[in-house]
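To start, the structure itself, in structure tokens.
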Amino acid sequence: MKTVGDAADFLSGGTPRKSTAAFWNGDIPWFSASNMTVKFLSCSDVTITEDGLKAGSRMAPSGSTLLLVRGSGLFNHIPICYADRDVAFNQDVKAIVARDGVDPLYLHYTLEAHRRELANNLGVTGIGAGKFDTDFVKELRFVARSQEEQAEIGQLASAYDRKIELNRRMNETLEEMARALFRDWFVDFGPTRRQAEGATDPAAIMGHAFPPEKATTLAPLFPAKLGDDGLPEGWAKASLKSLGSVVTGKTPSTKKQEYYGADVPFLKIPDMHGKSFVLNTGTMLSALGAYSQAKKTVPAGSVSVSCIATPGLVVLNHRDTQTNQQINTVIPNQPSHQYFMFWSCREIASEVMIGGSGGSVFHNMNKTTFEGLEVIFPGDREASLFGETVKPFHNKVLANEQENQTLAEMRDLLLPKLMSGEIRLKDVEAAL
């Protein structure tokens with residue numbers, strides 16, 4: 001057995017002075033707790049310049065593992081990321097760099113295999129944030145293997161995560177396509193505006209986004225001009241309450257162990273991050289627990305929105321689900337409106353709940369306030385048609401999320417056994 005400290009060097013990062021513009025918006029990706037959200041790091045929404053690197057940060061070479069060692073978010077998730085290129089990082093992160101004779105991916109998955117041990121040894125700073133003792137991380141142990149075998153295990157494990165990441169990026173693209181269509185139809189009123197500007201050809205009215213036969217079907221559904229209220233003629237604003245039933249969640253008594261089990265998903269805010277569909281949740285209720293507050297069960301196709309603590313997360317429920325009290329759920333009056341309601345809620349979340357409209361931020365939005373939020377409603381036919389149009393996108397997103405769940409389960413089954421030596425590479429197929 002060897003320790004991580006035997007196999008790697010630990011590098012500390014830093015943050016260039018924020019007030020110096022010359023240090024920022026350069027060509028070097030820079031990572032901190034806020035953007036260590038994917039497994040493989042290459043591009044970042046925050047970048048620094050060479051001057052910024054010299055003045056206050058540090059470069060981690062390609063093949064490094066970046067571990068967040070300090071931050072409040074550690075209590076929910078421990079970011080362990082792999083650098084696909086040279087990247088810079090801040091002072092809350094350690095770059096763990098494999099020494100000669102140690103495969104970088106094998107070292108990375110050594111740390112991944114110790115997630116539970118890391119979580120069980122998470123300390124607390126004086127201000128209540130989570131922290132790891134670097135010496136503890138260095139003492140984590142792993143099986144010493146030939147470099148060839150290390151590389152084979154690292155490649156096998158990373159294949160699961162790279163496929164998961166590929167699906168995640170595909171879902172981002174699919175969702176952006178659905179969102180762009182929603183905004184063109186119901187936010188920017190593109191088909192109506194294009195008619196008002198003189199467009200008569202259906203393809204031109206629909207923005208050339210559809211084949212001619214589809215455009216011919218869609219174009220007549222959109223009003224030819226805007227009314228005095230600035231909306232397409234015949235359209236109106238409607239409250240969420242008028243478009244569906246709203247249910248505020250509740251947590252069953254945690255003193256009754258029989259209320260918890262594996263029958264009904266129990267949605268909490270950490271389950272919503274980065275998701276469009278809720279497949280499973282970190283906490284599950286038993287059938288008895290769900291029955292104890294049966295009126296809090298929301299059906300598949302309902303839209304859940306976080307309204308307290310971390311407002312503005314929006315997901316579709318794929319199964320009958322219950323939620324905690326931080327979440328309001330809309331059950332659409334018409335099942336065919338689920339995707340219209342999903343994107344309407346995401347729109348008002350970005351425009352109202354997280355401060356896009358007038359700077360108002362609702363960190364404690366109660367049911368009455370939530371029910372009163374308004375969306376632009378075109379009518380039953382148009383809302384259903386939008387759902388029909390974007391359903392193929394969402395079906396693929398769902399399939400990708402289901403595949404990712406399966407891949408993650410397979411990875412989590414195999415990785416500890418491979419890293420501990422319980423099974424060998426030749427036994428992987430049988431183990432699966």
Side-chain angles (χ1 to χ4, degrees), residues 169-244 276-277 300-303 305 314-316 318 330-352 356-357 373-400:
R169 291 199 303 269
M170 186 187 304
N171 283 356
E172 286 183 348
T173 300
L174 290 165
E175 289 190 6
E176 186 55 39
M177 292 166 65
R179 180 177 182 270
L181 187 65
F182 178 87
R183 290 189 61 83
D184 183 53
W185 286 14
F186 305 120
V187 178
D188 301 327
F189 314 131
T192 296
R193 293 186 183 279
R194 287 187 282 270
Q195 289 182 81
E197 292 167 359
T200 57
D201 178 68
I205 292 171
M206 300 311 299
H208 301 281
F210 299 92
E213 61 277 10
K214 184 71 171 178
T216 301
T217 301
L218 293 173
L221 300 178
F222 291 87
K225 60 181 180 179
L226 300 173
D228 293 338
D229 57 1
L231 304 180
E233 286 188 331
W235 292 15
K237 291 184 178 180
S239 67
L240 293 181
K241 184 177 182 179
S242 70
L243 299 175
S276 289
F277 289 91
S302 56
V303 180
V305 184
V314 183
V315 295
L316 278 160
H318 182 56
V330 184
I331 306 171
N333 290 336
Q334 300 292 334
S336 60
H337 292 179
Q338 63 172 309
Y339 297 123
F340 174 83
M341 292 302 301
F342 172 77
W343 286 106
S344 292
C345 286
R346 282 208 167 175
E347 187 64 26
I348 59 176
S350 63
E351 292 299 320
V352 178
S357 178
L373 293 174
E374 292 184 326
V375 302
I376 295 166
F377 187 64
D380 289 339
R381 181 176 60 173
E382 290 83 355
S384 296
L385 187 62
F386 172 77
E388 177 187 319
T389 304
V390 300
K391 185 176 181 179
F393 301 152
H394 285 279
N395 283 346
K396 182 58 179 173
V397 168
L398 175 60
N400 285 342

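Everything numeric here is computed off the predicted structure, so don't read it as measured data.
- Proximity of Ser239 to Leu373: side-chain heavy atoms (C-beta onward) are nowhere separated by under 4.5 Å.
- Contact annotation: the side chain of Phe340 approaches that of Phe182 to within less than 4.5 Å [non-hydrogen atoms, C-beta and beyond].
- Within the 3.5 Å criterion, the main-chain N or O of Ser302 finds no donor-acceptor partner in the side chain of Gln338.
- Between the side chain of Gln195 and the backbone N or O of Phe222, at least one donor-acceptor pair lies under 3.5 Å.
- Looking only at side-chain heavy atoms (C-beta outward), Val187 and Ile376 stay at 4.5 Å or farther from each other.
- The CG atom of Asn333 sits 8.5 Å away from atom CE of Met341, with the distance rounded to the nearest 0.5 Å.
- Of all the heavy atoms in Ala199 and Ala204, the pair that sits closest is CB-CB, 4.3 Å.
- Listed by first then second residue, pairs satisfying side-chain hydrogen bond (donor to acceptor under 3.5 Å, both in side chains) with a partner in residues 179-194 read Arg183-Glu347, Asp184-Arg194, not counting sequence neighbours.
- When side chains are defined from C-beta on, Lys241 does not count as touching Val330, because their heavy atoms never get closer than 4.5 Å.
- When side chains are defined from C-beta on, Tyr339 does not count as touching Glu388, because their heavy atoms never get closer than 4.5 Å.
- Interatomic distance, Glu176 CD to Leu181 CG, rounded to the nearest 0.5 Å: 11.5 Å.
- Side-chain atoms of Lys237 and Leu231, non-hydrogen and from C-beta on, do get closer than 4.5 Å to each other.
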Exercise for review: Check the pair Ile205 / Thr200 against side-chain contact (heavy atoms from CB on, under 4.5 Å), numbers first and verdict last.
Suggested key: CA-CA 7 Å; Ile205 292 171; Thr200 57; 5.6 Å; no
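- To the nearest 0.5 Å, the span separating OG on Ser242 from CD on Glu374 amounts to 8.5 Å.
- We find the NZ-OG1 distance between Lys396 and Thr173 to be 12.0 Å, quoted to the nearest 0.5 Å.
- In this structure, the separation between CG on Leu218 and CD on Glu382 is 10.5 Å, given to the nearest 0.5 Å.
- A heavy-atom distance below 4.5 Å is not found between the side chains of His337 and Leu243.
- The two atoms that bring Phe189 and Gly230 nearest to each other are CE1-O, 3.6 Å, heavy atoms only.
- For residues 334-346, the pairs satisfying salt bridge (Lys or Arg N to Asp or Glu O under 4.0 Å) are Glu175-Arg346, with sequence neighbours left out.
- Closest approach of Ala383 and Pro378 over heavy atoms only: N-CG, 4.1 Å.
- Between the side chain of Asn400 and the backbone N or O of Met170, no donor-acceptor pair lies under 3.5 Å.
- Taking CG from Leu226 and CH2 from Trp235, the interatomic distance works out to 9.5 Å, rounded to the nearest 0.5 Å.
- The minimum heavy-atom distance between Gly301 and Pro332, with the atom names listed, is O-CD, 3.9 Å.
- In this structure, the side chain of Thr389 engages the main chain of Leu385 through a donor-acceptor pair within 3.5 Å.
- The shortest distance between side-chain heavy atoms of Phe186 and Trp343 does not fall below 4.5 Å.
- Residues satisfying the ring pair (Phe, Tyr, Trp, His ring centres under 6.0 Å) test with Phe277, not counting sequence neighbours, are none.
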